[in-house]
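The structure appears right after this line, and notes come after that.
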Amino acid sequence: MSKIKNRKFRIFHGPVNIGGIGRYLADWQRKQGAIADFIVFQDQTMRQNHHLDLRLSEYPRLRSFFIRLGFFLFCLFKYDVFHFYYAKSLLWRNLDLPILKLFGKRVVMTYCGSDVRLIELEKQHNPYHHLLKIGSDHPKFDASKKKMIKRQNRWVDAFIAPRNTYLPTATQVPEQKIHAIWIHNTMDMQAYTPSQFRQKKIPLIVHAPSEMGIKGTEYVERAINALREQNVQFEYRRLHGLPNVEVQRILREEADIVLDQFLVGGFGSLAVEAMYYGKPVMGYIIDSIKDQHYPDCPVSSATIDTLEERLLDLINDVSARERLGREGRAFVEKYLDREKVNQELWQVYQSLYLPAAHSPRL
């Protein structure tokens, strides 16, 4: 066991940037003595926090093909743990996964949302599922997603699939291989502590959608316009297309109320960052999230049908806003402390080298 515990892991994170997860994990793992790199094929996110960006889309197709193939061969001999995100891996159609297993590598896959979300399951608990026909969030992709998960299950040693991603993963993957660790939105609790939770009488309401269709921006701004017509006193700002550092500054220094997402039925990076800064958050939280995962979740829940009314109440109740800000910070400290979550994931990596946890599938 001591050999496993002290093993010098060589860990690859990538090849896509989802909320900056790979960088936060890799940096912590480097501090533990591991070789850990977060490398992406093309970083088009606001965060731009990769260690290396190959910028494959900037090359002609043939050259891009050979760069990607050569990069796979390089990684094959450099790393022994491959932590992939959003169902992506190093080669097209996950053709690298059986090769990695043939060479004795350990593979971890983190599902993030639209990559595995099944509309057939959304129908069971989300009355707004019919509004999610956006991109890959469409029922016509359900069958191909299930086939993908089943195929990946043959080669992947451990799946990180918490909250909204757990159920669709469990349709094709044995539960013992699924780890419901929410690595997506962890925060460094030592880096910032709110000095106060005071709220302005006339609040600044912000909404920062990464994808306006999925986040329900149309319905957010419909409620905002309705309140303006009633002469309700507030300011509103949509934070879209801004650098991540500027979004964080506004959340930390200016925002009073943060509107998250209103179609999917959970909470994401924006909500977590806002609660970390001690700001009240409003979003659509389905019952299963509270009942099965976080019964003490302080996100003020509203649907697209009740948003106008609930938001008006929050605008008018300064003390409620301050209370939600304090509860949100406590919630992040309890569940999303980066140090605690990293330790949990580290234990998953170690378990991959226990004989009972790893058996060949070839």
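Note: hydrogens, waters and symmetry copies are ignored here, and every other heavy atom, side chains too, is used.
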**Report entry** Worked check of side chain to side chain contact (heavy atoms under 4.5 Å, CB included) between H129 and R117
**Finding:** CA-CA 11 Å; H129 68 271; R117 185 178 294 117; over 6 Å; no
Query - Inter- and intrachain pairs under salt bridge (charged side-chain N to carboxylate O under 4.0 Å, His left out), touching residues 13-25, at least two apart - result: R23-D27
Query - ring pair (Phe, Tyr, Trp, His ring centres under 6.0 Å) contacts touching residues 35-54 (sequence neighbours left out) - result: none
Report task. Can you run down the salt bridge (charged side-chain N to carboxylate O under 4.0 Å, His left out) pairs that involve residues 258-279, sequence neighbours left out, and say none if there aren't any? Result -> R47-E273
Query raised in the report: By side-chain contact (heavy atoms from CB on, under 4.5 Å), which residues pair with T165, not counting sequence neighbours?
Result: Y111, V116, A161, P162
Requested in this report: Hey, could you give me each pair passing salt bridge (charged side-chain N to carboxylate O under 4.0 Å, His left out) that has a residue in residues 300-327? Not counting sequence neighbours.
Outcome: R323-E327
**Report entry** Listed once per pair and sorted, the ring pair (Phe, Tyr, Trp, His ring centres under 6.0 Å) pairs that draw on residues 220-266, sequence neighbours left out
**Finding:** none
Query raised in the report: If you link I, L, V, M, F, W and Y whenever their side-chain heavy atoms are under 4.5 Å apart, who else ends up in the same group as M212?
Result: none
Report task. Determine whether L167 and F141 fall in the same hydrophobic cluster, where Ile, Leu, Val, Met, Phe, Trp and Tyr are linked whenever their side-chain heavy atoms lie under 4.5 Å apart. Result -> no
Requested in this report: Check salt bridge (charged side-chain N to carboxylate O under 4.0 Å, His left out) between K78 and all other residues, then give those that pass, not counting sequence neighbours.
Outcome: D37
Requested in this report: Report yes if the distance between the aromatic ring centroids of F66 and F71 is under 6.0 Å, otherwise no.
Outcome: no
**Report entry** Sequence-distant partners of R249, salt bridge (charged side-chain N to carboxylate O under 4.0 Å, His left out), two or more places apart
**Finding:** E246, E253, E254
Requested in this report: Look at the side-chain heavy atoms of Ile, Leu, Val, Met, Phe, Trp and Tyr, link any pair under 4.5 Å apart, and say whether L76 and L56 land in one connected group.
Outcome: yes
Requested in this report: Quick one: list whatever passes salt bridge (charged side-chain N to carboxylate O under 4.0 Å, His left out) with K334, sequence neighbours left out.
Outcome: D296
Report task. State, with a plain yes or no, whether a side-chain heavy atom of V107 is found less than 4.5 Å away from one of K101. Result -> yes
**Report entry** salt bridge (charged side-chain N to carboxylate O under 4.0 Å, His left out) partners of residues 209-226, not counting sequence neighbours, each pair once
**Finding:** E218-R222, E221-R238
Requested in this report: Just grab all the ring pair (Phe, Tyr, Trp, His ring centres under 6.0 Å) pairs involving residues 174-218, residues at least two apart or on different chains.
Outcome: W182-H184, Y192-Y276, Y192-Y277
Query raised in the report: What's the verdict on side-chain hydrogen bond (donor to acceptor under 3.5 Å, both in side chains) for T186 and Y24, showing C-alpha distance, side-chain angles and the deciding distance?
Result: CA-CA 8 Å; T186 61; Y24 302 137; over 6 Å; no
